[in-house]
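Throughout, protein chains are lettered first and strands after them, A, B, ... in sequence-line order, and every chain is numbered starting at 1.
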Number of protein chains: 2
Amino acid sequence: MKITKASDYALRVVGFFATAEKNRYYMRNELSEICSVPDSFLGKILQHLVKSGILESERGKKGGFRLSKNPEDITLYDIIRSVEGEIVINECLVEGNACKISGNCKIHNVLDQVRCNLINELKKVNVSNLV
Amino acid sequence: MKITKASDYALRVVGFFATAEKNRYYMRNELSEICSVPDSFLGKILQHLVKSGILESERGKKGGFRLSKNPEDITLYDIIRSVEGEIVINECLVEGNACKISGNCKIHNVLDQVRCNLINELKKVNVSNLV
DNA sequence: ATATTTTAAGATAAAAAAACTCTTTTTTAA
DNA sequence: TTAAAAAAGAGTTTTTTTATCTTAAAATAT
Ligand code: SF4
Ligand code: SF4
């Protein structure tokens with residue numbers, strides 16, 4: 001019942017961008033230093049964030065990463081979702097992985113509700129709330 | 001961001017007890033069969049549930065497991081807490097594991113809030129709500 | 001008392017997931 | 001055309017989850 005380290009790292013980086021110089025590109029190794037995230041691992045995380053449209057990147061000299069939208073428009077949910085996929089709380093909540101009892105399992109229904117509430121909580125907080 | 005299989009198994013077993021014959025002892029292998037949980041693994045899970053006072057056990061012939069309190073007085077939180085320890089959402093929220101930034105980290109504070117809400121959600125649902 | 005049935009406890013093993021690295025390719029700017 | 005940067009993906013290590021096995025202890029029936 002925990003977010004992964006990758007998620008925490010992603011939150012740190014995106015959180016940093018909210019305070020950082022607008023529009024400037026930051027290189028992976030700069031971000032690694034600033035946010036205390038292992039450089040190579042950060043590579044993968046940044047790729048996820050780019051792919052889901054939270055960051056944008058530019059290759060080559062003068063390249064790097066920067067926010068691709070306003071901090072107000074990025075929620076904690078977006079970031080966690082981006083690096084670890086959909087939040088499910090329990091395996092049976094993901095399409096196709098239902099256990100044989102799923103149909104009328106009250107636990108299933110309750111956990112689904114808990115998941116909705118959790119996701120809504122995470123959607124309530126945006127990156128500008130982190131400065 | 002998921003509960004463990006052990007938690008789901010525990011929920012199934014305790015959920016079953018809510019519908020089962022009151023006061024009767026059920027053996028580990030009966031419960032294993034009924035709830036589709038690997039027998040040996042269930043042993044460990046039942047031990048946790050006994051240790052935290054959700055179930056009570058009796059050894060020897062006529063022995064087994066049964067609820068040690070009313071279904072109304074057992075919450076989903078109690079069960080999950082029993083088998084996987086305190087819910088923390090992020091490592092830095094557990095005493096002594098704070099990262100160097102913890103002191104004034106907004107992410108930390110927000111996740112702590114999310115954790116509280118999640119725990120409260122889980123406390124709202126009791127086992128009798130599962131029948 | 002003794003055999004039998006059952007949980008308790010803990011060590012250990014296997015499997016899966018998370019955390020992290022490395023290498024090669026592609027893109028860009030100077 | 002060269003140097004610097006990210007992209008992509010394979011590969012490794014570590015940690016956690018999941019599960020089993022073995023031995024001990026307790027309770028009961030005979
Ligand atoms: S028992 Fe219920 S909650 Fe657990 S996996 Fe099956 S459907 Fe989901
Ligand atoms: S950066 Fe903030 S949230 Fe992440 S581990 Fe450190 S204190 Fe916790």
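- Side-chain contact annotation: A/T75 with A/D78, donor-acceptor N/O pair under 3.5 Å present.
- The main-chain N or O of B/G53 is found under 3.5 Å from a side-chain atom of B/S68 such that the two form a donor-acceptor pair.
- The phosphate of C/dT6 (OP1 or OP2) has no side-chain N or O of B/Y25 nearer than 4.0 angstrom.
- Salt bridge annotation for A/R115-A/D112: present, with a cationic side-chain nitrogen under 4.0 angstrom from a carboxylate oxygen.
- Residue B/Y9 places at least one side-chain N or O closer than 4.0 Å to OP1 or OP2 of D/dA19.
- The separation between B/R66 atom CZ and C/dT7 atom P is 14 Å, rounded to whole Å.
- Within the 3.5 Å criterion, the main-chain N or O of A/H48 finds a donor-acceptor partner in the side chain of A/S82.
- Distance B/I45 CD1 to C/dA9 C1': 15 Å, rounded to the nearest Å.
- Between B/I3 and A/M27, the residue whose closest nucleotide on DNA chain D is further toward the 5' end is A/M27.
- Between B/R24 and B/E30 there is a salt bridge, with a side-chain nitrogen of the basic residue lying less than 4.0 Å from a carboxylate oxygen of the acidic one.
- Taken residue by residue, residues 54-65 of chain A places heavy atoms nearer than 4.0 Å to DNA chain C at A/E58, A/R59, A/G60, A/K61, A/K62.
- Nucleotide D/dT16 holds its C1' atom 12 Å from the NZ atom of A/K5, rounded to whole Å.
- Going from atom OH of B/Y26 over to atom C1' of C/dT7 covers 18 Å, rounded to whole Å.
- Checking D/dA8, C/dC22, D/dC21 against every side-chain atom of A/S40, the shortest atom distance belongs to C/dC22.
- One interatomic measurement links the two molecules: CD of B/E30 to C1' of C/dT7, which rounds to 14 Å at whole-angstrom precision.
- If you find the closest nucleotide of DNA chain C to B/N29 and to B/K44, the one lying nearer the 5' end belongs to B/N29.
- Which of C/dA11, C/dA19, D/dT18 sits closest to the side chain of A/T4 comes down to C/dA19.
- The distance from atom CD of B/E84 to atom P of D/dT17 is 8 Å, rounded to the nearest whole Å.
- Distance B/L49 CG to C/dT7 C1': 14 Å, rounded to the nearest Å.
- Using modelled atom types, one finds a donor on one side chain and an acceptor on the other under 3.5 Å when comparing B/N90 with A/D8.
- With A/R66 contributing its side chain and A/Y25 its backbone, the two residues share no donor-acceptor pair below 3.5 Å.
- Computed from coordinates, the B/Q47 CD to C/dG10 P distance equals 8 Å when rounded to whole Å.
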